[in-house]
Amino acid sequence: MYYTYILFSHKLLIFYVGSTQHLDTRIAQHNSGKSKFTKQGIPWCLIHSFPFPSRALAVQLELKIKKRGILRFLIDNNLFHPLNPG
């Protein structure tokens, strides 16, 4: 199983999207500072993940989200409301 995932940093107030086969391990890497881009935003919270049977499908959604914009994608798909973040 592969995953597209969306993280949020309360420290930096930004979202991050990625894809991986090992979701828990990858989130732990982001929160341990092993990822150059995300180490400044520790701790990262998982907002949503999408499971896929193939890497190609997970990467396809990741690129779609990046192109659309993470916040806009979340709002458009009723996964996040800025006035009620949950």
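- The cluster map of Ile, Leu, Val, Met, Phe, Trp and Tyr, joined by side-chain heavy atoms under 4.5 Å apart, puts Met1 and Val59 in different clusters.
- Linking ILVMFWY residues whenever their side-chain heavy atoms come closer than 4.5 Å, directly or via other members, leaves Ile6 and Leu12 in distinct clusters.
- In terms of hydrophobic clustering, with Ile, Leu, Val, Met, Phe, Trp and Tyr side chains grouped at heavy-atom distances under 4.5 Å, Val17 and Leu63 are assigned to different clusters.
- Within the model, atoms CG of Leu46 and NE2 of His48 stand 8.5 Å from one another, a figure rounded to the nearest 0.5 Å.
- In summary, the aromatic rings of His30 and Tyr16 are positioned with their centroids under 6.0 Å apart.
- Of the possible donor and acceptor atoms, none in the side chain of Ser9 sits under 3.5 Å from a partner among the backbone N and O of Ile14.
- How far CG of Leu7 is from CD1 of Ile42: 11.5 Å, rounded to the nearest 0.5 Å.
- Annotation: the span from Gln40 atom CD to Thr38 atom OG1 amounts to 9.5 Å, rounded to 0.5 Å.
- Looking at Thr20, its side chain never comes within 3.5 Å of a backbone N or O of Leu23 through a donor-acceptor pair.
- The distance from the CG atom of Leu57 to the CZ atom of Phe50 is 13.5 Å, given to the nearest 0.5 Å.
- The two residues Gly41 and Lys11 have their closest heavy-atom pair at O-CB, 4.2 Å.
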Would Phe73 and Leu61 count as a side-chain contact (heavy atoms from CB on, under 4.5 Å) here? Give the steps. CA-CA 11 Å; Phe73 173 85; Leu61 179 60; 4.1 Å; yes
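- One distance of note links OG of Ser54 with CD of Gln21; it measures 11.0 Å at 0.5 Å rounding.
- A donor-acceptor pair is defined here as one N or O able to donate and one able to accept, closer than 3.5 Å; such a pair exists between the side chain of Asn31 and the backbone of Trp44.
- Cluster annotation: Phe8 and Phe37 are assigned to distinct hydrophobic clusters (Ile/Leu/Val/Met/Phe/Trp/Tyr, side-chain heavy-atom contacts under 4.5 Å, transitive).
- Here OG of Ser49 is found 7.0 Å from CD1 of Ile27. Values are rounded to the nearest 0.5 Å.
- In plain terms, the two heavy atoms of Lys39 and Lys36 that are nearest each other are CG-O, 3.6 Å.
- Checked by atom type, the side-chain pair Tyr2/His22 shows no donor-acceptor distance below 3.5 Å.
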